[in-house]
Amino acid sequence: MKKVFITGIGSGLGKALAEVFLKNGYQVFALSRHLPEELKGKINFVQADLLALEEIHLNMDRLLSGEASIDIAVLNAGLLTPLKDISQTPIYEMNRMMDLNVWANKVILDYFIKKNVRLDQVIAISSGASVNGNRGWHGYSISKAALNMLIKLYSREMENTHLIALAPGLILTPMLEEFVLSADEEKFPSVKRIKQAPKMTPEEAAEKIFGLIPRFKNEFESGSYLDVRKI
C-alpha cells in the first residue's frame, strides 16, 4: 500500500486531499491541529501545532516511528492573516507566517533526511501570491516566495526525491472567505479579480492535484514552482 504524509488536514484543501488519497488506496499519515470527524479512525494522526517548531521533530517521530519510506509528502499547512498594507503589518505577524509557511516545512524535510526515511515525492503547497506581489498580501507573499526557494534548495540536496512548489489555483476555502473575499476591493485590487475569477471547491482542487501527480515527476524538473492553472 502506498503511503502519503499530509500537514494541515483540519479543513479546506488538506482535508480534501486526505479524502482523495484514502479513496485511491493510500495509507494516510497526518499532522494537524484538528482531525475532522469524517477522517477519524481512517488515518494515522498526531495532533500538532506546527507553529511550535520545537515540537515538530517529536511529533514526526510519534507519527512515523517504524516507517522506512513514504511515497508522497504534501506540505499543505499554511497561514494567512487579514489583508493589509505591508507598512501596517507588524513583524511578529509576518514571523508567524514565516514559521508555519516556511520553517515548519524545513523541520519536516530535515526529519526525513536525518531519519533516513525514503521519500519519493514532495508537493509543497505554494500560491500565486508568491510571484504576483499584489498589494495587501504582505507576509503571505513573502513566506510563499521563500517556500518556493526552500523547495528549490532542498531539491539540490535530496537527489533521490522529486520536489515541487505548487500553486493550486483559487480554492473556496474558509481562509479565502475570511481574509480575502471580505477585504476592501478598492484598496486591494486583487480582491475584485479574485471575486470575479472562477474558483474550485477543495474537493475539485484535490482531485485535480491527485490527477497531476504522475506528471509532476515525469515532466518537470525537481525544485520547480508550478501553477496548476498553467499546466
Side-chain angles (χ1 to χ4, degrees), residues 4-21 26 28-34 36 48 50-51 56 70-81 96-109 112 119-132 137 139-155 161-180 194 199-213 215-217 220 222-231:
V4 63
F5 166 81
I6 311 175
T7 60
I9 52 98
S11 64
L13 179 61
K15 175 174 176 283
L17 282 167
E19 292 172 332
V20 166
F21 277 102
Y26 279 73
V28 177
F29 296 82
L31 288 183
S32 185
R33 287 184 302 159
H34 307 293
L50 296 179
L51 281 169
I56 294 175
I70 294 290
D71 294 281
I72 302 171
V74 184
L75 307 178
N76 167 75
L79 176 64
L80 169 67
T81 59
R96 291 183 75 240
M97 283 179 274
M98 287 295 295
D99 281 348
L100 185 55
N101 298 347
V102 185
W103 304 134
N105 293 320
K106 171 178 165 44
V107 177
I108 289 168
L109 292 173
F112 282 107
L119 183 56
D120 190 48
Q121 281 185 273
V122 173
I123 301 168
I125 301 300
S126 184
S127 170
S130 69
V131 296
N132 294 337
W137 289 81
Y140 187 76
S141 286
I142 292 171
S143 64
K144 290 297 187 178
L147 175 65
N148 297 349
M149 183 53 68
L150 185 83
I151 293 301
K152 183 177 287 291
L153 291 168
Y154 271 96
S155 75
T161 303
H162 188 272
L163 301 92
I164 63 161
L166 180 70
L170 289 175
I171 306 170
L172 198 57
T173 62
M175 189 170 72
L176 186 76
E177 293 183 282
E178 181 177 0
F179 297 130
V180 181
I194 290 171
K199 289 171 278 293
M200 295 178 285
T201 65
E203 293 73 23
E204 289 170 338
E207 290 281 2
K208 186 169 188 176
I209 291 169
F210 185 85
L212 287 170
I213 287 173
R215 293 184 59 189
F216 295 152
K217 192 172 182 180
F220 301 98
S222 183
S224 296
Y225 163 78
L226 305 175
D227 190 320
V228 295
R229 292 164 290 193
K230 298 178 181 179
I231 299 176

Got a second to check how far [X]'s [atom1] is from [Y]'s [atom2], nearest 0.5 Å?
X: Leu75; Y: Leu31; atom1: CG; atom2: CG; value: 10.5 Å
X: Thr81; Y: Glu178; atom1: OG1; atom2: CD; value: 10.5 Å
X: Glu203; Y: Leu172; atom1: CD; atom2: CG; value: 10.5 Å
X: Leu79; Y: Lys144; atom1: CG; atom2: NZ; value: 9.5 Å
X: Lys217; Y: Ile123; atom1: NZ; atom2: CD1; value: 11.5 Å
X: Thr201; Y: Leu13; atom1: OG1; atom2: CG; value: 10.0 Å

Quiz item: Backbone N or O of Gly10 within a donor-acceptor pair of the Ser32 side chain at under 3.5 Å?
Solution: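 Side chain of Ser32 to backbone of Gly10, a donor-acceptor pair under 3.5 Å: yes, one is there.
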
Quiz prompt | Residues forming a ring-ring contact (aromatic ring centres under 6.0 Å, His included) with Phe112, sequence neighbours excluded | solution =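 Once residues adjacent in sequence are excluded, the partners of Phe112 under the ring-ring contact (aromatic ring centres under 6.0 Å, His included) criterion are Phe5.
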
Exercise. Please list, chain by chain and in numerical order, all residues satisfying ring-ring contact (aromatic ring centres under 6.0 Å, His included) with Phe21, sequence neighbours excluded.
Key: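 Result, ring-ring contact (aromatic ring centres under 6.0 Å, His included) vs Phe21: Tyr26, Phe210.
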
Looking at side-chain heavy atoms only, is the closest gap between [X] and [Y] below 4.5 Å?
X: Asn76; Y: Ile9; result: no
X: Thr173; Y: Leu176; result: yes
X: Val74; Y: Ile125; result: yes
X: Val107; Y: Leu50; result: no

Exercise. With side chain to side chain contact (heavy atoms under 4.5 Å, CB included) as the test, would you mind laying out the steps for Ile151 and Asn105 before giving the verdict?
Key: CA-CA 9 Å; Ile151 293 301; Asn105 293 320; over 6 Å; no

Exercise. Apply the test side chain to side chain contact (heavy atoms under 4.5 Å, CB included) to residues Phe216 and Leu166: give CA-CA distance (whole Å), side-chain angles for both, the deciding distance (0.1 Å), then the verdict.
Key: CA-CA 10 Å; Phe216 295 152; Leu166 180 70; 3.9 Å; yes

Shortest non-hydrogen separation from [X] to [Y] and the atoms involved:
X: Pro168; Y: Ile209; answer: CB-CD1, 4.0 Å
X: Leu147; Y: Val102; answer: N-CG2, 4.1 Å
X: Ser143; Y: Met97; answer: CB-O, 3.8 Å
X: Ala129; Y: Ser141; answer: O-OG, 2.9 Å
X: Leu163; Y: Ser222; answer: N-OG, 3.0 Å
X: Ser126; Y: Asn148; answer: OG-OD1, 2.7 Å

Exercise. Determine, step by step, whether Val4 and Leu17 satisfy the side chain to side chain contact (heavy atoms under 4.5 Å, CB included) criterion, reporting the C-alpha distance in whole Å, the side-chain angles of both residues, the deciding distance to 0.1 Å, and the verdict.
Key: CA-CA 10 Å; Val4 63; Leu17 282 167; over 6 Å; no

Quiz item: Does a salt bridge link Glu204 with Lys208, judged by any charged N lying under 4.0 Å from a carboxylate O?
Solution: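 Salt bridge between Glu204 and Lys208, a charged N being under 4.0 Å from a carboxylate O: no.
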
Self-check item: More than 12 heavy atoms of other groups within 6.0 Å of Arg229 CZ
Solution: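 Yes, the 6.0 Å shell around CZ holds more than 12 heavy atoms from other groups.
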
Can you name the residues that form a salt bridge (charged side-chain N to carboxylate O under 4.0 Å, His left out) with [X], not counting sequence neighbours?
X: Lys199; result: none
X: Arg96; result: none
X: Lys152; result: none

Practice problem: Output, in order, the C-alpha distance, side-chain angles, deciding distance and verdict of side chain to side chain contact (heavy atoms under 4.5 Å, CB included) for Thr161 and Tyr154. | Solution: CA-CA 9 Å; Thr161 303; Tyr154 271 96; over 6 Å; no

Practice problem: Kindly write out the residues that satisfy side chain to side chain donor-acceptor pair (under 3.5 Å) with Tyr225, not counting sequence neighbours, or none if the list is empty. | Solution: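 For Tyr225, no residue satisfies side chain to side chain donor-acceptor pair (under 3.5 Å) once neighbours in sequence are set aside.
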
